[in-house]
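Below is one structure; the comments refer to it alone.
Every chain is numbered from 1 and lettered A, B, ... according to where its sequence line falls, protein lines coming before strand lines. Just so it is clear, the values below take in all heavy atoms, side chains as well, and ignore hydrogens, waters and symmetry mates.
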Amino acid sequence: MTDVVATKNLVETAVSAAMAQVLPAELAGGDPLVRRSEHADFQSNVALALAKQAKRPPREIAQAVADAIDAHAVSATTSGPGFLNLTVPDATLWERIGERVNADRLGIGTPLTGERMVIDYSAPNIAKEMHVGHLRTTIIGDALARILGFLGADVVRQNHLGDWGTQFGMLIQYIDEHPELPWRHQGGDVSTLDALYRAARAQFDADLGFADRARSRVVALQSGDAATLAVWRELVAESELAFQALYDRLGVLLTPADSAGESTYNLFLADVVEELVAAGIVVESDGALCVFFDDITGPDGDRVPLIVRKSDGGFGYAATDLATIRYRIRDLKATRILYVVDARQAMHFRMVFATARRAGWLTDDVHAVHVPFGTVLAADGRPFKTRSGGTVRLSELLDAAVGRARDVISEKAHGLAPDELEHVVQAAGIGAVKYADLSTSRTKDYTFDVDRMVSFTGNTGVYLQYAHVRTRSILAKLPEGAALAAVDTTLPLHPAERALALALDDFADTLADVADTLEPHRLCGYLFALAKAYTDFFESCPVLRAETAAQRGNRVALCRLTGRTLATGLHLLGIEAPQRL
RNA sequence: GCGCUCGUAGCUCAGUGGAUAGAGCAGAGGACUUCUAAUCCUAAGGUCGCAGGUUCGAAUCCUGCCGGGCGCGCCA
């Protein structure tokens, strides 16, 4: 595997070398501040940034750096108050194309090698259907898992299923009292389980006797009663089938092997609390065992606790989360732990991380990060309800998107066989939903609008899929052997070719940026810009009808590289890139 | 009350120290004997919530306000 050095890095090297010649030693080693520019290929702002420290006018510094730059590598001119406009020779860009098009993995390196990253995402609840509330964590988490893994990290996916809690007493008791109900072996149809849950809930709320029996059943479950546990296991297995069906449909990497639900940590809860007690980290308050934090207070000004053991002796989710983080550090040996969880739980994670730090589990060489995302809102700007009937099921949403995709594609498609058409319809519909979620800033509230989501114009998944298809369709029409031509680095670059080449060169930088910020929408923005650059190229640079064989060969390389970059980028977002559309 | 978060074009959003703040959608006009027009081009559209401050330079950093959302003891 060969990493290809990006043109931007070559420019940075050239500017740094020039800085070393004309600036005092203490300033010469600084960041050359090279950025993409509207006025040239790149620009450097060092002269403006360092003028004060260097006690020289910025224009003078810019001119000195420009004069010192190796003119064979980069041509530099000064502009405005002290900008340095940097342009690379055509041959340099063609060389990059030639290297990348023949490289494994597009010449992208694996800078995260050696890191073990645990990613906690999706976390649906057993015996309930997945709804829009699970959309963002599942899709964002999966994209991050793919991207970090691509960059060389050892990714450990963790699906923290909601597979434990008092609601199972209610559910199991209800099943026990209604043995005739058909909920087993539904083969991934969780709606019967969901109906069961709602029926049990209704009776729990209305029937005091049943509520008492349900509470007894909770005790039986927690104390390991064999018959109760057996039903519980069946419930979990049945739900996991349903989740897997949905993950498969969504193109999400999660499998049962990644499941590590709340119940996984039951055995460790007592030990975790004991350890915290022994360390003097928890104190008793109103009968509960709590951790307090000076900077976290409630409306009355009193400090708010993280309750690790309830006054009734039971363990809550805080204990589970503490046992979980301890396990991920001690046993999974994580160097970075990502919790892709709703932003509303920010304070909870602050407390959990702070506690883990006090306990000595979370050290400076491990990074625990809450990766928050905004609330899912309806088109009217109000949140989706979770408990009263207004919840949209995830499967319904996907059906709607795929249905719309089918309508549009059916009237456009030429010569797609029925099974291929159906595959394309699924890829477009599912991709539309995922792209809509991923392409907006993660931390903001997310307006969920089916019409916008499945609209196939503008900055959408289908636009990118279509751009990819246009690269494939040119390549499919090439005469025999034409795809194998080497890049001729002596040809002049058309402006659209130059813009495309520069965009292609940004891919590695973009991925590193996403790995750093954990914001997949930056990759979406990059791919959209790349697709537009390709479309410009497509409009103004004929490939099959190029003027010479050499020119055609170079443009074929651009098509191939663009196609592979788009397909790779979409794949890293968890979106399919069909060959035809 | 405290904390977190958001406020950018009619709408949905990019843009976290650089040049004239950008896309998409909607609306206006134009381009198909297609390497797939699911596309492209043109024009129009903004007191970057407000006010100070830091800086050669602020949508971006700091402070204070205004407005919205969310969170704050035994649910997860």
Quiz prompt | Distance, C1' atom - from B/C61 to B/G24, rounded to whole angstrom | solution = 30 Å
Practice problem: Determine the contact category for A/Thr440: base if any of its heavy atoms lies under 4.0 Å from a base atom, sugar-phosphate if only primed atoms, P, OP1 or OP2 are that close, otherwise nothing. | Solution: sugar-phosphate
Quiz item: Of the candidate nucleotides B/C35, B/A23, B/A38, which contains the atom at the shortest distance from the side chain of A/Phe528?
Solution: B/A23
Exercise. Name the closest nucleotide to the A/Tyr317 side chain, picking from B/G73, B/C75, B/A38.
Key: B/C75
Quiz item: Would A/Phe353 and A/Tyr339 count as a ring-ring contact (aromatic ring centres under 6.0 Å, His included) if you check the C-alpha gap in whole Å, the side-chain angles of each, and the deciding distance to 0.1 Å?
Solution: CA-CA 11 Å; A/Phe353 296 162; A/Tyr339 292 82; 5.5 Å; yes
Practice problem: Give RNA chain B the dot-bracket treatment, 5' to 3': Watson-Crick (N1-N3 with N6-O4 or O6-N4) or G-U (N1-O2, O6-N3) under 3.5 Å, [ ] crossing, | other strand. | Solution: (((((((..((((....[...))))..((((.......))))......(((((..]....))))))))))))....
Exercise. Name the residue closer to the 5' end of RNA chain B, choosing between A/Phe42 and A/Gln579 according to the nucleotide with the nearest heavy atom.
Key: A/Phe42
Quiz item: Which nucleotide in the set B/G69, B/G18, B/C13 lies at the smallest distance from any side-chain heavy atom of A/Asp445?
Solution: B/G69
Quiz item: Closest to the A/Gln43 side chain: B/C74, B/G15, B/G18?
Solution: B/G18
Quiz item: Ignoring hydrogens and angles, are the base of B/A38 and the side chain of A/Gln465 linked by a donor-acceptor pair under 3.5 Å?
Solution: no
Exercise. Using a heavy-atom cut-off of under 4.0 Å over every strand shown, decide if A/Cys541 touches base, sugar-phosphate, or nothing.
Key: base
Quiz item: Between B/A19, B/G15, B/C74, which one does the side chain of A/Ile307 approach most closely?
Solution: B/C74
Practice problem: Would you mind telling me which of B/C13, B/C35, B/A19 lies closest to the side-chain atoms of A/Val543? | Solution: B/C35
Practice problem: Return yes if the base of B/A19 and the side-chain atoms of A/Asn85 contain a donor-acceptor N/O pair under 3.5 Å, otherwise no. | Solution: yes
Self-check item: Check ion pair A/Asp205-A/Arg201 (N to O, under 4.0 angstrom)
Solution: yes
Self-check item: Span that lies between the C1' atom of B/A37 and that of B/A44, in whole angstrom
Solution: 23 Å
Quiz item: Quick one: are the ring centres of A/Tyr265 and A/Tyr327 less than 6.0 Å apart?
Solution: yes
Quiz item: Checking all strands, does A/Asn45 fall into the base, sugar-phosphate, or nothing category for heavy-atom contacts under 4.0 angstrom?
Solution: base
Quiz prompt | Candidate nucleotides B/G18, B/C35, B/U8, ranked by approach to the side chain of A/Lys444 - the nearest | solution = B/U8
Quiz prompt | Given B/G15, B/A38, B/C56, the nucleotide with the shortest approach to the side chain of A/Val462 | solution = B/A38
Below 3.5 Å between N/O atoms, which protein atoms pair up with nucleotides 39-43 of chain B? Just atom names and distances, please.
from: B/U39; atom 1: O2'; to: A/Arg470; atom 2: NH2; distance (Å): 3.3
from: B/U39; atom 1: O2'; to: A/Glu539; atom 2: OE2; distance (Å): 3.3
from: B/C40; atom 1: OP1; to: A/Tyr463; atom 2: OH; distance (Å): 2.9

Exercise. For A/Tyr317, check ring pair (Phe, Tyr, Trp, His ring centres under 6.0 Å) against everything at least two apart and list the hits.
Key: A/His348
Practice problem: Please confirm whether A/Tyr446 and A/Phe373 have ring centers closer than 6.0 angstrom. | Solution: no
Practice problem: Answer with yes or no whether A/Thr320 presents, from its side chain, a donor or acceptor under 3.5 Å of a partner atom in the base of B/A76. | Solution: no
Quiz item: So, A/Tyr534 versus A/Phe537, ring centres under 6.0 angstrom or not?
Solution: yes
Quiz item: For B/C56, does OP1 or OP2 lie under 4.0 Å from any side-chain N or O of A/Lys52?
Solution: yes
Exercise. From the options B/C74, B/G18, B/G3, select the nucleotide whose nearest atom is closest to the side chain of A/Ser311.
Key: B/C74
Quiz prompt | Atom pair distance, as rounded to whole Å: CG in A/Leu50 and P in B/U55 | solution = 17 Å
Exercise. Would you mind telling me which of B/C35, B/G18, B/G73 lies closest to the side-chain atoms of A/Ser285?
Key: B/G73
